Amino acid sequence: MLNTTRMKNTRSTYCVNAFVSSAFLLIFLVVIALAISLAKIMRNDLESLLYLKKIKLDTIKERLIIDTFTCNLFNGHDKDFSVADLEVEVYQTDEGYRLLCDDLDLYLDLEDNTVKDYTHGPN
């Protein structure tokens, strides 16, 4: 609450007396703390959503590579291939095949030219 009082001098000078209650300061600090907490929560949520989006895109990329490889294998081609601007290197191992593409390292376990299982190699 602001009070203005006029001084009794000959000049027209005003003096302002300010009063801020401790209840107002307490409520103000609580509101600021809540706003900061909400901002932190929203930042963490956005980081989580970005991470989930990356996982989703990696999973789509894996499925596209594996599906294309199994189709090629069915047609008798077990060589390197490219699909959707991805260059995939194919290596035959004792247990099946190893597919390398950018940051993906996939080990495929085959049974009768069908993918039984696949695992990720070390990144």
Side-chain angles (χ1 to χ4, degrees):
M1 169 190 273
L2 294 175
N3 279 335
T4 58
T5 56
R6 184 157 189 200
M7 303 287 286
K8 294 188 177 188
N9 308 18
T10 55
R11 294 184 194 174
S12 57
T13 314
Y14 288 93
C15 202
V16 177
N17 295 327
F19 171 73
V20 178
S21 70
S22 57
F24 172 77
L25 284 176
L26 182 64
I27 292 172
F28 181 72
L29 290 175
V30 168
V31 168
I32 294 297
L34 286 174
I36 290 171
S37 297
L38 275 172
K40 287 181 181 179
I41 290 170
M42 287 180 62
R43 190 187 84 225
N44 290 340
D45 287 349
L46 289 175
E47 288 175 359
S48 297
L49 285 175
L50 287 175
Y51 183 69
L52 287 174
K53 184 177 180 181
K54 181 191 176 309
I55 290 174
K56 178 182 175 185
L57 291 175
D58 285 348
T59 304
I60 290 171
K61 190 187 326 183
E62 287 174 9
R63 291 306 325 155
L64 180 65
I65 290 171
I66 292 172
D67 289 346
T68 304
F69 176 72
T70 54
C71 183
N72 288 347
L73 194 61
F74 182 74
N75 291 327
H77 306 289
D78 61 349
K79 305 288 183 211
D80 297 350
F81 63 95
S82 63
V83 58
D85 295 333
L86 299 171
E87 297 294 326
V88 181
E89 299 174 20
V90 179
Y91 300 98
Q92 191 165 7
T93 63
D94 294 337
E95 295 84 27
Y97 287 91
R98 180 179 181 192
L99 306 178
L100 294 174
C101 176
D102 295 336
D103 58 343
L104 285 177
D105 187 4
L106 301 173
Y107 291 94
L108 276 63
D109 185 16
L110 299 177
E111 185 175 288
D112 299 327
N113 287 344
T114 305
V115 177
K116 186 170 80 172
D117 192 19
Y118 73 96
T119 58
H120 294 90
N123 290 342

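One-based numbering along the sequence shown. Note that the coordinates shown come from a computational prediction; the quantities given were computed from them, not determined experimentally.
In this structure, CG in Leu108 is found 5.0 Å from CD1 in Ile66, a value given to the nearest 0.5 Å. If you take OG1 on Thr68 and CG on Leu99, they are separated by 10.0 Å, rounding to the nearest 0.5 Å. Interatomic distance, Asn75 CG to Thr70 OG1, rounded to the nearest 0.5 Å: 10.0 Å.
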Just list the side-chain donor-acceptor pairs under 3.5 Å for residues 46-64, sequence neighbours left out, or say none.
residue, atom, partner, partner atom, Å
Ser48, OG, Asn44, O, 3.0
Lys54, NZ, Asp58, OD2, 2.8
Thr59, OG1, Ile55, O, 2.8
Glu62, OE1, Tyr118, OH, 3.2
Glu62, OE1, His120, NE2, 3.4
Glu62, OE2, His120, NE2, 2.4
Arg63, NH2, Asp67, OD1, 3.2

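Remark: Asp45 pairs with Ile41 by the side-chain contact (heavy atoms from CB on, under 4.5 Å) rule, at least two apart or across chains. Partners of Phe28 by side-chain contact (heavy atoms from CB on, under 4.5 Å), not counting sequence neighbours, listed by chain and number: Ile32.
Between the side chain of Asp105 and the main chain of Leu100, no donor-acceptor pair closer than 3.5 Å is present.
Follow the hydrophobic side-chain contacts under 4.5 Å out from Phe81 and you never reach Tyr91; the two are in separate clusters. Cluster annotation: Tyr107 is not connected to Leu86 through the hydrophobic network of ILVMFWY side chains, with a link wherever side-chain heavy atoms come within less than 4.5 Å.
Residue Thr93 comes nearest to Arg98 through the heavy atom pair CG2-CB, 4.1 Å, listed as atom of the first residue, atom of the second, then distance. The heavy-atom pair separating Ser82 from Glu87 by the smallest distance is CB-OE2, 3.3 Å.
Using a 4.5 Å heavy-atom threshold, the side chains of Phe69 and Val88 count as separate.
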